[in-house]
Every structure is written in structure tokens, then in C-alpha cells.
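See structure below.
Every number for a ligand or one of its atoms is a count from 1 in the order of the listing. All values below were derived from every heavy atom in this structure, side-chain atoms included, with hydrogens, water molecules and symmetry-related copies excluded.
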Amino acid sequence: MKKALAFAAWLAVSTAASAASTTVTPDAVPDGPVARTFHVGALEVIALRDKVRTIPNDGKVFGAENGTAAVAAVLAEAGAATDHIDLSVDALLVKDGAKTILLDTGLGPAAQGLLLASLKQTSYTPEQITDVLITHVHGDHVGGLVTSDGTQAFAKAIVHISAPDWAWLQEQANMAALVKVISPQVVTFAPGDQVAPSIRSLSLKGHTPGHVGYQIVSGKARLLDVGDLVHNPILSLAKPGWIISFDKDRTQGATTRRAELAKLAADHEIIFAPHFPFPGIGTIKAVGDHFVWQPDN
Ligand SMILES: [Zn+2]
């Protein structure tokens, strides 16, 4: 029943959005585990749903400077509901030669993350994951490294975390249990380093001390996992210069967002945005002083 209601709500929003001038759609797949396979050149890539989250439009995350009315006005112009903001949580699996690589791990079972259920819909098991690449150490990206029993979720994997983010994670008292479990698996790298045969990290300053994206390349095909450069396809692109409270260095975060979005639009780069509606794949289009999301499903 709950699912049917959620689906009906999605249909209603979807219809409203299609009538609006801006093409921003909510999650094209109803809530629940889901895996979608595609290819980047010769590489098999799978988008994995962890969770669909919404946060209230209360000025705590978006609109800390500009207020909730300004946030509501931007959402309304895109045909979206104005009382809440959608934030999906998704991850990627990349089969890179002998390596089976997970890019981020979602919230984890303790926070009702569904990543492992989504992984079950593929031909891969947690034991087959050889490497985990972390964009940054916020709970919605590293929470899934630990099972509900408090053990390593990907026991055979090397967990790659940028050196600045690993140092920062170890300073946080509320992350001590997770740090203890994953410590034997962690290998650090410098932002910008090559981290897998077909994947190079890209420094994206501001969100956390060592926040990175991951550039996946196969032949002439490319896909850039942008991590938390952006959070919502309406607000992050319509107002790239607005601060977001999730950024540790908010001024640097906004500066990075504006500069990188301009570059991504100019290069017609195909990106994966973990917090955009599943599967979060598409391109950025420049429109005047801002940007719009062009999902490619
Ligand atoms: Zn995040």
C-alpha cells in the first residue's frame, strides 16, 4: 500500500513536472532497491540505489543565506514541490578489468540504506568487490562500509580514501566505531591520483577536506562521478553560487561548484551525480548565469 501511494505521488509529481518549462524530473524509479546497467566504452557500469531522501525546506541545508522563500521560488519555477527538497542517495559499480569497484557505499543498513539489496539485483556479491572508492567521508557515502552486525560489508576490498578525508574521519568521535572496523582495509591517496586502471580521482575542494570526484575513462568514453559537487538538480544548478550547509568550507564549495559546472557544461561531460534522481546520469547545460540538468536515462 505504501509503495502504491509512493508510486501515485511520483506519477502526480511527474505529470506536474512535464507540464513545467524546465525539464527536472523526480526519481524516474519508485522507491526501493534498483540496479541499472550501462556501459562506458568497454566498461560495465551499474548505478545502484541506496535510498530516496527528502529534507524539509527549512533553511538548514539550502537557503541558509537566502531564506526559505527564495528556495521555494526556485523550486516552484521548476514545477517542483516547495515544502521539501529531494536528495537521492546512489552509488556506482564499475567492472574495471580484474577489479570490481564500488564508488561510495550509501548510508548503510543502520540508516535503512538499500545498497546491498540493490547489489543483489546484479550478478555481483559483496565478497566480489575488490576496491571501494570513497568520494568523501560523510555518513551517506561511507555508512555502507559496515554491516548491521558491525562488521566489514566488503571484507575482501581495499577501501580508498583521500588522505585529508581519512585524517578528518579519524578526528570525529561519532565515527570511531566505523573507523575501527574499516582501518585494516583503508589505503589513502592524494586527490588527483590514479586509483584504478580506468579511474582517476579529481580534487573538488570545499565539501570536505579531501573531497574528490572520479573520472572513469574507456577509449573515448568518459563518465565523471562528481560526488557532492551538487545535491539537487534544481537548486544546485539554478543557484550554483548559493552556499549549502553540507559544505565544510561553504565559500570554497560554492566557488568550486560554479567553476566546475561551467567546465562540465562547456565540455558536454557526462556525469553521475549520486544525489540526483536515480540513476543520476546526464549532462549540465549552461543557461545564462546558471545551469540546468539534462538527465540521460
Ligand atoms: Zn552526500
query = Restricting to N, O or S atoms of Asp140, which is nearest to the Zn ion (ligand 1)?
reply = OD2
Atom name in His275, limited to N/O/S, at shortest distance from the Zn ion (ligand 1) = NE2
request  = Report the C-alpha distance between His231 and Phe246 in whole Å, list the side-chain angles of each, state the deciding distance to 0.1 Å, and finish with yes or no for ring-ring contact (aromatic ring centres under 6.0 Å, His included).
outcome  = CA-CA 9 Å; His231 287 83; Phe246 288 149; 5.3 Å; yes
inquiry  = Between Asp228 and His141, do the side chains contain a donor N or O and an acceptor N or O under 3.5 Å apart?
reply    = yes
request  = Please state whether the rings of His136 and His211 are parallel, tilted or perpendicular, taking 30° and 60° as the class boundaries.
outcome  = perpendicular
key: Atom name of the N, O or S atom in Asp228 that lies nearest to the Zn ion (ligand 1)   = OD2
message = Please determine whether His231 has a backbone or side-chain N, O or S atom lying under 2.8 Å from the Zn ion (ligand 1).
response = no
ask   = Can you tell me if His141 has an N, O or S atom under 2.8 Å away from the Zn ion (ligand 1)?
value = yes
inquiry  = Would you call the rings of Phe189 and His160 parallel, tilted or perpendicular, taking 30° and 60° as the class edges?
reply    = tilted
task = Answer with yes or no after comparing the ring centroid distance for Trp293 and Phe276 against a 6.0 Å cut-off, counting only values under it.
result = yes
